[in-house]
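To start, the structure itself, in structure tokens.
Only this structure's heavy atoms are used, side chains among them; waters, hydrogens and symmetry mates stay out.
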Amino acid sequence: MKNTILYLKKLWPLGLALMLLQGFSSCRKELNYTPEVFVSAQSVYKDEPGAIAGVTGIYQQLQALKRSDYQLIGVIGTDEARCCYQAQGYGAYWAGVVGMDVYDITLNSQNADVTGFWTVCYQGIANANAAILDIPQIKSFGEPAVQTRLVGEARFMRALYYFYLVQLYGDVPMPLENTSIANGLPRVPQQQVYTQIEADLQFAAANCWTKSKLTGNDAGRASVEAAKALLGKVYLTVHDYQDAKTTFEDLINNYNISLLAHYADLFDGQHENNAESLFEIQYSTDNTNDTQGLQNLYGSYAGPPIAFEPFNTHTSGYGGTVVMATSYYSDTVFMKPFSWEYQYDARYVPSIHHDRYDGNGNTMSWWVDPGLPTIAKYDISSSDIDVYHSGKNLYYLRSADVFLMYAETLNELGQTQAALAPINKIRERAFGNASLDFTATDAPDQATMRDLILDERSRELGAEGWRWFDLKRTGTLLTRVKRYDDPQRDFEKKNGTTTDPHPAQNVSTKNMLFPIPLTELQNNQALGLKSQNPGY
């Protein structure tokens, strides 16, 4: 982790300079960076060391997307997590974050997170474009396989950023060059964007290295396994189930992907870049700029263990309490379908702090929300800098996600009973044996299996950033958010009152897409205000 981050830290000013060269008009005008060092892409990509350093810098934007409140995109506004009632009073910026959760009028084209996420993705795309175009021109590579690997990594990262953009914003501009575009770019139809994403990932799968070859300083780089996993996810997203099936079966059967024996090991900070991890975002405590601060957002800072039946391992602590677990995620989904036995799912304690306590074992209750469940996956450890700065890596893709996507693919192809095997592989780790496997009785038809898989994805992948995209892909965003993201029920459960300070939930069909940032509509001469997504 630390070695990779040292490369990123050194390349950050360079990354800004490269982004400036790309000429994507709205990003350049909006950001108006003055980098510490300004060099041309050609100066960077002139030899093998420069190419390695330049491609390493492309990962910086993904690190930025996941280190703080941008990470909440994909988590809040779903059936898994919601903003605390008091977050709306933290100021205008945080009111905008709450707006993404409750889909109110602050979820608009001027929302800071909506705009920032767009901008950071295009920074990553601009840097990837430079690498893709310039690295093949280098004549002095000692090992040709490294040259093609680096282009594969750059195309993987470009696909990753475009995959975020097309899911969130729909039709988007799609620059593939690093030359100046004085008049801006029009929005490209979603299908064309997905076609490019698939082509990039197919190239990455053919030219990146396998995980086994990426050791030492290269441990955080994109691999063949990561490219195939993301390609399968893209196929699943566009409902190309046959290609998804082929891709997942290749990955499962030929690349020996596996699960860690113990679920809790995934989140203890001691098993980074592990066998289950297919691609993770690297952080470090070498410098506060290299850290992520998610535990402060999730309010789940872990202190000394406090005995509490029946879980017996919950902790004291504090945090920013911006985000809480919904009742669905903290209670309902972990109680189905086996009643009280479900609270002993091995995933529960690493995922959920059901109650919060002070150092004396008393429930924390100075605000309304802190007594309600929080999300435990982002707890920092004693080796981190402080409550705001953690060096713990974050997962983007892991094998458990692949097995669950494979189950979903089989079910959508009408092979519902075959889908039991991959979903039960996940459950057997959770319970230590096959005693709580799903059977044909639990999943007698395709529709029932769809619900079982969505619930299992929440138990396994909760708050890891995929839920909004899962619900959109399965056409369940509106129904599940309205059904399960219910702060009124949570408030009544804790306080025994119907006076609810939480904002109302206003999700509607327009929220299947985010608004295009106003700065893009104003600065990109190929667009204009009429190019906004419907309803915004």
Side-chain angles (χ1 to χ4, degrees), residues 1-16 36 52-53 55-72 75 116 120 123-124 157 211 214-222 226 260 262-305 315-323 349-351 353 374-398 463-465:
M1 174 177 67
K2 290 182 172 60
N3 290 332
T4 301
I5 282 300
L6 286 174
Y7 278 108
L8 291 176
K9 183 164 56 178
K10 293 175 183 177
L11 264 293
W12 177 229
L14 175 60
L16 295 179
E36 297 175 19
I52 293 172
V55 170
T56 303
I58 301 170
Y59 295 91
Q60 183 78 39
Q61 283 73 48
L62 182 58
Q63 191 189 58
L65 288 178
K66 295 296 184 178
R67 65 159 33 101
S68 60
D69 51 287
Y70 290 165
Q71 190 270 351
L72 301 181
V75 177
V120 173
Q123 289 176 12
M157 293 304 297
K211 278 185 61 183
L214 294 172
T215 58
N217 292 344
D218 293 328
R221 295 184 179 276
L260 288 187
H262 304 290
Y263 186 82
D265 290 348
L266 290 164
F267 305 101
D268 65 2
Q270 305 303 310
H271 297 81
E272 296 182 332
N273 300 306
N274 56 63
E276 181 169 340
S277 174
L278 301 180
F279 185 61
E280 63 188 69
I281 301 101
Q282 311 289 308
Y283 294 94
S284 170
T285 55
D286 290 335
N287 183 290
T288 56
N289 292 329
D290 301 330
T291 62
Q292 49 89 358
L294 297 191
Q295 87 75 29
N296 187 53
L297 293 176
Y298 285 95
S300 58
Y301 178 70
T315 61
S316 63
Y318 58 92
T321 53
V322 173
V323 178
V349 169
S351 302
H353 287 308
T374 58
I375 293 165
K377 288 182 176 180
Y378 303 110
D379 288 357
I380 66 172
S381 67
S382 58
S383 64
D384 289 322
I385 295 175
D386 55 37
V387 68
Y388 306 102
H389 301 97
S390 173
K392 190 161 71 172
N393 289 356
L394 302 175
Y395 296 107
Y396 180 79
L397 290 166
R398 56 187 180 90
E464 293 181 39

Taking all heavy atoms of [X] and all of [Y], pick out the closest pair and write down the distance.
X      : Y      : value
Ala219 : Asn273 : O-OD1, 3.9 Å
Thr288 : Ile385 : CG2-CD1, 3.8 Å
Ser351 : Lys377 : OG-CE, 3.4 Å
Tyr59  : Gly220 : CE2-O, 4.1 Å
Phe279 : Ala226 : CB-CB, 3.8 Å
Ile52  : Arg221 : CG2-NH2, 3.5 Å

field: Non-hydrogen side-chain atoms of Tyr298 and Leu72 separated by less than 4.5 Å
entry: yes

message: When you compare the side chain of Arg67 with that of Ile281, does any pair of heavy atoms fall below 4.5 Å?
response: no

message: Strictly distance-based, threshold 3.5 Å: is any side-chain N or O of Gln63 a donor or acceptor partner for the main-chain N or O of Gln282?
response: yes

query: Is it true that a side-chain atom of Asp290 and a backbone atom of Thr285 form a donor plus acceptor pair closer than 3.5 Å?
result: no

field: With Ser277 via side chain to side chain contact (heavy atoms under 4.5 Å, CB included) - residues at least two apart
entry: Asn274, Glu280, Tyr395

- line: Residue set satisfying side chain to side chain contact (heavy atoms under 4.5 Å, CB included) with Ser390, at least two apart, ordered chain then number -> Gln292, Ile380, Asp384, Lys392

Partner residues of [X] under the side chain to side chain donor-acceptor pair (under 3.5 Å) criterion, sequence neighbours left out:
X      : answer
Lys66  : Tyr164
Asn289 : Asn287
Ser383 : Ser381
His271 : Asp268

- prompt: Can you tell me how far CD of Gln71 sits from CD of Glu464, rounded to the nearest 0.5 angstrom?
  reply: 9.5 Å

query: How long is the span from the CD1 atom in Ile375 to the CD atom in Gln295, to the nearest 0.5 Å?
result: 12.5 Å

query: Which residues satisfy the ring pair (Phe, Tyr, Trp, His ring centres under 6.0 Å) test with Tyr70, sequence neighbours excluded?
result: none

field: Test side chain to side chain contact (heavy atoms under 4.5 Å, CB included) applied to Thr291 and Tyr388, step by step
entry: CA-CA 9 Å; Thr291 62; Tyr388 306 102; over 6 Å; no

task: Go through the structure and list residues passing salt bridge (Lys or Arg N to Asp or Glu O under 4.0 Å) with Glu276, not counting sequence neighbours.
output: Arg398, Arg429

